[in-house]
Protein chains: 2
Amino acid sequence: MSRPRNQGLETREKILDVALELFTQNGYDKTSLRDIAERLGITKAALYYYFERKEDILLELHLRLHQFGSELLEEFEEIPDGEERVAAWPAVLDKLIEFLIGNRDAMLLHTRNPGAIGALYANERNRLENEILEQRLVRILSSPAIPLEQRVRMSCSIGVITELFGDSGLAFVDVPVEELIALTRQVVSDVLRVPLS
Amino acid sequence: MSRPRNQGLETREKILDVALELFTQNGYDKTSLRDIAERLGITKAALYYYFERKEDILLELHLRLHQFGSELLEEFEEIPDGEERVAAWPAVLDKLIEFLIGNRDAMLLHTRNPGAIGALYANERNRLENEILEQRLVRILSSPAIPLEQRVRMSCSIGVITELFGDSGLAFVDVPVEELIALTRQVVSDVLRVPLS
DNA sequence: GTCTATATTTCGATAGAC
DNA sequence: GTCTATCGAAATATAGAC
């Protein structure tokens with residue numbers, strides 16, 4: 001029967017939601033704290049109760065993706081290097097597709113604000129996590145246990161997915177999502193030269 | 001024997017060159033007119049002699065790409081719709097690869113400044129040209145004379161190229177450019193399910 | 001064509017009342 | 001938790017001399 005005490009947390013989440021939308025739509029630099037505040041019906045100053053700096057809002061949105069990437073890599077790294085990883089790669093792509101569908105805005109935020117995201121490197125925790133994630137992916141794609149051509153194809157497969165569910169998707173808006181996914185998986189299969197699950 | 005009177009034009013070109021570099025490197029919003037002026041050894045105010053507004057510099061850089069895209073589309077549109085266009089698509093990709101290699105900065109300018117580029121939509125001429133170019137590409141990729149799967153593959157092939165010569169190329173810096181191009185063409189060939197020239 | 005000087009605007013951030 | 005009011009910095013843009 002107690003009145004919910006989490007209004008603060010709700011407001012904080014709303015700030016992040018609105019910020020994600022505006023940062024994605026209009027760009028981080030061109031989105032002022034005033035824009036965010038007005039959308040929420042509060043004032044600019046109120047935002048400073050929840051976030052010390054504007055950058056901290058972007059940072060929190062960014063670190064969410066680290067979580068997904070890290071978990072995905074962790075699963076994959078448990079697989080022995082070489083042929084087994086090549087065989088397991090399609091499953092990684094499936095999970096990536098699923099994630100991109102559910103987080104289009106979050107992905108757009110990054111692809112459309114590389115400068116602002118890059119500035120987050122000033123944050124020590126973020127820089128460290130980024131470097132580790134990149135090293136882990138590059139290590140996977142640089143393995144001598146996998147032929148160069150196959151590694152290029154693994155990289156290309158990521159490109160195909162990000163393209164179709166990113167900018168280029170405009171031409172196929174009429175195609176049902178499920179059919180588009182099926183076609184994507186088919187193309188990815190050809191890129192990897194192995195059938196998907 | 002007459003002293004060249006085109007110093008103005010040369011300065012104008014230099015402004016565009018420096019602007020392209022700084023916009024690409026540091027972002028459009030984070031590049032001030034002062035930055036550009038100082039690099040050229042002139043003052044901020046002098047820039048206003050050549051360009052009425054900062055945006056006009058970006059606009060001129062942008063419209064250059066319209067030229068390439070329009071010419072590429074024009075060639076392709078002369079080909080009869082259907083099988084013949086499917087057969088001609090690989091040649092389009094070759095030209096695209098060649099262009100991307102020779103204009104990496106110009107491409108980076110766009111991919112890294114979607115907000116600023118998007119703001120150019122306020123310019124009537126630019127908005128018109130953009131819409132026409134997009135319509136022309138969408139029309140090509142929407143043709144009922146080409147099976148859906150093939151059209152998706154045509155779209156994906158663009159994605160593969162932009163990916164490998166864009167962000168994802170980091171993992172293969174040690175691979176010679178020529179070899180990387182060869183591998184790219186091989187993957188593109190698989191995506192399209194036709195051999196490249 | 002280029003300069004100095006300045007007007008004007010916008011934004012991130014802070015202080016303090018309620 | 002939210003507000004009003006304001007500061008300081010930086011950027012775009014303009015005016016007018018040379």
Side-chain angles (χ1 to χ4, degrees), chain A residues 2-23 25-62 113 115-120 122-123, chain B residues 2-62 113 115-123:
Chain A
S2 64
R3 189 163 37 82
R5 298 178 310 180
N6 59 345
Q7 186 184 355
L9 287 177
E10 283 178 3
T11 300
R12 189 186 166 86
E13 287 302 313
K14 284 179 186 172
I15 292 172
L16 288 169
D17 287 344
V18 170
L20 172 59
E21 183 181 341
L22 294 182
F23 290 168
Q25 228 171 49
N26 309 325
Y28 174 76
D29 286 329
K30 287 194 173 176
T31 301
S32 66
L33 295 178
R34 197 169 149 270
D35 293 332
I36 299 174
E38 280 184 357
R39 178 75 85 87
L40 290 168
I42 60 179
T43 62
K44 191 176 56 168
L47 295 178
Y48 282 91
Y49 175 80
Y50 296 96
F51 297 93
E52 286 190 10
R53 291 156 299 183
K54 178 188 182 185
E55 204 183 57
D56 288 341
I57 302 177
L58 182 68
L59 178 63
E60 187 144 329
L61 291 172
H62 176 64
N113 293 282
I117 296 292
L120 293 181
N123 180 281
Chain B
S2 63
R3 188 163 39 84
R5 299 178 309 179
N6 60 344
Q7 185 184 357
L9 286 177
E10 282 178 2
T11 301
R12 188 185 166 86
E13 287 302 313
K14 284 179 187 172
I15 291 172
L16 288 169
D17 286 345
V18 170
L20 172 59
E21 183 181 342
L22 294 182
F23 289 169
T24 301
Q25 228 172 48
N26 309 325
Y28 174 76
D29 287 328
K30 288 191 174 176
T31 301
S32 67
L33 295 179
R34 195 166 151 272
D35 293 332
I36 299 174
E38 280 185 356
R39 177 75 84 87
L40 289 167
I42 61 178
T43 62
K44 189 178 55 170
L47 294 178
Y48 282 92
Y49 175 79
Y50 295 97
F51 298 93
E52 286 190 9
R53 292 156 298 183
K54 178 189 182 185
E55 204 183 57
D56 288 341
I57 302 177
L58 182 67
L59 177 63
E60 188 145 329
L61 290 172
H62 176 64
N113 294 281
I117 297 292
L120 294 181
Y121 268 74
N123 180 280

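So that the names make sense, note that chain A is the first sequence line, chain B the second, and so on, each numbered from 1. This structure is a prediction, so every number in the text was calculated from the model and none was measured.
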### Message
Checking the side chain of B/Lys44 only, and the main-chain atoms of B/Ser32 only, is there a donor and an acceptor separated by less than 3.5 Å?
### Response
no
### Query
Does B/Thr43 place a side-chain N or O at less than 4.0 Å from the phosphate oxygens OP1/OP2 of C/dT2?
no
### Message
Using OP1 and OP2 only, check whether a side-chain N or O of B/Tyr49 sits under 4.0 Å from C/dG1.
### Response
yes
### Query
Could you state the CG-P distance from B/Asp35 to D/dA10, rounded to the nearest angstrom?
12 Å
### Message
Tell me whether the count of non-hydrogen atoms from other residues, nucleotides or ligands lying under 6.0 Å of NZ in A/Lys14 goes above 12.
### Response
no
### Summary
Across all chains, not counting sequence neighbours, the salt bridge (charged side-chain N to carboxylate O under 4.0 Å, His left out) partners of B/Glu52 are none
### For B/Glu60, all residues meeting side-chain hydrogen bond (donor to acceptor under 3.5 Å, both in side chains), sequence neighbours excluded
B/Arg12
### Message
A side-chain contact here means heavy atoms from C-beta on lying under 4.5 Å apart; do B/Phe23 and B/Ile36 qualify?
### Response
yes
### Task
Take nucleotides 12-18 of chain C nucleotide by nucleotide from the 5' end and write B, S or -, depending on whether a protein heavy atom sits under 4.0 Å from the base, only from the sugar-phosphate, or from neither.
BBB----
### Task
Write down the distance between CD (A/Glu38) and P (C/dT10), rounded to a whole number of angstrom.
12 Å
### Message
In the structure I gave you, are the side-chain heavy atoms of A/Asp29 and B/Tyr28 within less than 4.5 Å of one another anywhere?
### Response
no
